[in-house]
Structures are given as C-alpha cells and as structure tokens.
Amino acid sequence: LAGLEDSQTSATGSSSVAAKHEGNTPTAQAKPSMPRGIPISGVNGCPKEGEHGNWRCVKCANINFGYRDVCNRCKHARTK
C-alpha cells in the first residue's frame, strides 16, 4: 500500500507542497506602500504643465517636472 501512495504523489505532484500553498493567495498579501519622494501634483503624481516650473516637451508633448533639463520620454533638451 505504501508503494501505491508514492506512485500517486509522484504522478500528480507532492500533496504536502500543495497544502503549503493553499493559504498563499494574492489577496492575503499586503499592498505595497507608496514610494517616498514622488511629487503629489496631478493624477498619480504626474506633473501638471505650468505648475512649479513643469514644462511640455516640444518634440513629443510629454509634460516633465521642472527639475529636468531633458525630456524623460524622448531625451530632447528643454527649450527656454
């Protein structure tokens, strides 16, 4: 009888491994916290044009934070 149990678990996988993973669901995991240092302006920390020196790239129309000297999307230099 012991030989029969070993052949069944080897064909379908270890039952002890499956039991360990039953309670490990994605909803049971903690949500990641918001990273520090992300500016809170606009939706989801996105920059708003004209606020705090934020600027729109003339090449790709991406809105960049004022501290950037080149566009973070297309790497085009900031025009003054």
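If you're wondering where the values come from, they're calculated on a predicted model, not measured in any experiment. Reckoned from all heavy atoms, side chains included, excluding hydrogens, waters and symmetry mates.
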Result block: side-chain N/O donor-acceptor pairs under 3.5 angstrom for residues 69-77, not counting sequence neighbours:
residue, atom, partner, partner atom, Å
Asn72, OD1, Asn62, ND2, 2.6
Arg73, NH2, Asn62, OD1, 3.4
Lys75, NZ, Asn72, O, 3.2

message: Keeping Asn54 on the side-chain end and Pro47 on the backbone end, is there a donor-acceptor pair under 3.5 Å?
response: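 It does not hold such a pair.
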task: Could you list the residues that satisfy side-chain hydrogen bond (donor to acceptor under 3.5 Å, both in side chains) with Arg56, not counting sequence neighbours?
output: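 Per chain and number, Arg56 pairs via side-chain hydrogen bond (donor to acceptor under 3.5 Å, both in side chains) with Glu49.
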message: Let's go through Cys57 and Asn64 carefully: what are the C-alpha distance in whole Å and the side-chain angles of both, what is the deciding distance for side chain to side chain contact (heavy atoms under 4.5 Å, CB included) to 0.1 Å, and is it a yes or a no?
response: CA-CA 7 Å; Cys57 177; Asn64 294 277; 4.0 Å; yes
message: Please give me the minimum heavy-atom distance between Trp55 and Phe65, naming the atom from each residue.
response: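 Looking at all heavy atoms of both residues, the shortest contact is NE1-O, 3.3 Å.
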- prompt: Looking at CD1 of Ile63 and CD of Glu51, how far apart are the two atoms once the value is rounded to the nearest 0.5 Å?
  reply: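 With rounding to 0.5 Å, CD1 (Ile63) is 10.0 Å from CD (Glu51).
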